[in-house]
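Take a look at the structure below.
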2 protein chains.
Amino acid sequence: MQLAEAKAKFIADWGRLGTNWGINRTMAQIHALLMVSPDPLGADDVMEQLSISRGNANMNLRELIDWGLVQKVIVPGERREFFSAEKDIWKVARQIVKERKKRELDTMLPVLKELSEVEGDKRDRSVKTFTDTINNIRKFSEQADKILDTMIKADEHWFLGSLMKLFSGKS
Amino acid sequence: MQLAEAKAKFIADWGRLGTNWGINRTMAQIHALLMVSPDPLGADDVMEQLSISRGNANMNLRELIDWGLVQKVIVPGERREFFSAEKDIWKVARQIVKERKKRELDTMLPVLKELSEVEGDKRDRSVKTFTDTINNIRKFSEQADKILDTMIKADEHWFLGSLMKLFSGKS
DNA sequence: AGGAACTTTCAATTTTATTTGAAAGTTCAG
DNA sequence: CTGAACTTTCAAATAAAATTGAAAGTTCCT
């Protein structure tokens, strides 16, 4: 396969993957494009290569910056802004985990606590089923919270290495 | 908070969460409703409680069954079908991981392999950046593949317990 | 200040995803 | 076999999300 074709396929697949994970297709595609670009690209490059409008490119680039996945790069002597993406997928994964945890898990935990304090007789089956389920989710979430915090701080070699070792040993 | 209100809030929040993860809102809401129901519900119950049409209820229930998150329950003496959801969130998480891995990671790996074999001179910066990025993603995905397989087979106590121990010790 | 180069915004439009509901299909008791 | 009870399908309608493009905003050079 030629490079151009391979790039196009990667961008399309990464975009499709994104939509399965609640990320808009264009945002994922811009991310893919920047990940495989040897040099930072300008908004015009992104617009042209993905056939999207200026407004769209601008909004999604801003969103990617907001997620910490893309950075503005200043090229001396150039008026316009350039953009480049982190290429180390471990750092990308960690950054995504960090942001999603902040946006989702951290906001969910207080809600679960509130829901677990529902009024009513615990001998009532409806109440019991509800609180049991919520508490189960809550406990699970609290454990996930700690594990993800560790992962966010961890170094790739240590983290994945430890996991692999752990899982091959079944200790 | 009263039970009815708490249930409504949980269903709404679980639905919102779902949309952030590429799962349609109604499907997540039906799942939430069944998780907090002490007894299996019929399609009519689901329709009424969530104010959705029969077709919608039917389709999303089927999808949930397809994901292995909901099961049909036969109630003796009743003509219609009832549905109940797994309430143990660890089992739910494992099932979701299993399905998403099958649908996404397992189909992505061969594509990454193909992309990593792109033609061209490796001294060409464009080619090098592309293959380096793809290989990095590929290596990461292969490790994730193994770790997720372990998780899918694992018992909650062993799995989360090991992780917690590992992360507190930093060994 | 004036204006070229570039970026941002957002109302209108387009695209995509979801939902409806009526018709067709199935099952089963009588 | 018949028809009531229930389930499934799917084309059309609706709702939600993404995209456009032109106008407004900003920056910076002269």
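Atoms considered below: every heavy atom in the structure, side chains included; atoms not considered: hydrogens, waters and symmetry mates. So that the names make sense, note that chain A is the first sequence line, chain B the second, and so on, each numbered from 1.
By the 6.0 Å contact criterion, CD on E48(A) is open, its count of non-hydrogen atoms from other residues, nucleotides or ligands being 12 or less.
Looking at residues two or more places apart in sequence or on another chain, you find a side-chain contact (heavy atoms from CB on, under 4.5 Å) between E78(B) and V75(B), R80(B), F82(B).
The separation between E63(B) atom CD and dT8(D) atom P is 14 Å, rounded to whole Å.
Comment: K153(A) does not engage D149(A) in a salt bridge, judged by the lack of any side-chain N to carboxylate O separation of less than 4.0 angstrom.
Judged by a 6.0 Å distance limit and a 45° cone about the ring axis, R25(B) is not positioned over the six-membered ring of W14(B). Geometrically, R100(A) engages W21(B) in a cation-pi contact defined by less than 6.0 Å to the ring centre and at most 45° from the axis.
Each end of the helix from dA1(C)-dT30(D) to dG30(C)-dC1(D) gets its own axis from five base pairs, and the two axes differ in direction by 10°, given to 10 degrees.
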Polar atom pairs (N or O), protein with nucleotides 21-27 of chain C, under 3.5 Å:
| from | atom 1 | to | atom 2 | distance (Å) |
| --- | --- | --- | --- | --- |
| dT27(C) | O2 | R79(B) | NH2 | 2.7 |

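Proximity of T26(B) to the phosphate of dT19(C): a side-chain N or O atom is located under 4.0 Å from OP1 or OP2. Between N24(B) and dT19(C) there is a side-chain N or O to OP1 or OP2 distance below 4.0 Å.
In this structure, F130(A) and F10(B) have perpendicular ring planes: the angle between them is above 60°, well past the 30° mark.
At least one side-chain heavy atom of E99(B) sits under 4.5 Å from a side-chain heavy atom of Q95(B).
Closest of all the heavy-atom pairs between G15(A) and A28(A) is CA-CB, 3.8 Å.
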